[in-house]
Amino acid sequence: MKKELICIACPIGCHLEIFPEDDYRVEGNQCKRGIAYGKKELTNPTRMVTSTVLIRNGIYPRVPVITKGEVPKGLVFDVMKEINKVVVESPIKRGEVVIKNVLNTGVDVVTSRSM
Ligand code: SF4
């Protein structure tokens with residue numbers, strides 16, 4: 001049965017139609033990225049996670065963090081819970097690892113600014 005999705009790979013937002021029984025054939029895409037996005041979204045959806053962690057002695061109470069790669073969509077909420085447990089100390093540099101291999105995904109959580 002056909003599935004419908006909006007491609008989020010660029011701001012155009014093509015309306016995709018995906019046919020799982022036909023090897024995830026994708027229609028409605030204006031470029032190849034839509035094919036990759038449509039297939040992946042139905043077979044192995046993943047997301048980057050952005051959030052903040054508490055920082056001691058920083059100029060703000062929290063410092064922004066991001067996953068260094070995409071994690072399975074189904075783990076996003078649990079990754080957020082792990083991020084919420086972290087407290088770092090200022091000074092900290094952009095790109096410093098605050099969680100190594102979060103939930104065994106192979107993906108680190110790093111700071112996205114210095115503070
Ligand atoms: S299919 Fe291509 S053009 Fe359309 S939204 Fe996705 S990335 Fe953009």
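Whatever order the structure lists ligands and atoms in, that order sets their numbers, starting from 1. The analysis underlying the following values was restricted to heavy atoms, covering all of them including side chains, and did not include hydrogens, waters or symmetry mates. Just so it is clear, the structure is predicted and the values come from calculations on it, not from any experiment.
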Kindly indicate, with the supporting measurements, whether the criterion side-chain contact (heavy atoms from CB on, under 4.5 Å) is fulfilled by Ile83 and Val49.
CA-CA 10 Å; Ile83 288 172; Val49 179; 4.2 Å; yes

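Side chain of Asn101 to backbone of Thr105: a donor-acceptor contact under 3.5 angstrom is found.
Listed by chain and number, the protein atoms of type N/O/S under 2.8 Å from atom 8 (Fe) of ligand 1 are Cys10 SG; waters are omitted.
Rounding to the nearest 0.5 Å gives a distance of 7.5 Å between CE of Met115 and OG of Ser90.
Between Glu27 and Lys2 no salt bridge is recorded (no basic side-chain N to carboxylate O distance below 4.0 Å). A salt bridge does not link Glu96 to Lys93: none of the charged nitrogens lies less than 4.0 Å from a carboxylate oxygen.
Pairs passing the side-chain hydrogen bond (donor to acceptor under 3.5 Å, both in side chains) check and including a residue from residues 63-72, sequence neighbours excluded, read Lys40-Glu70, Thr46-Glu70.
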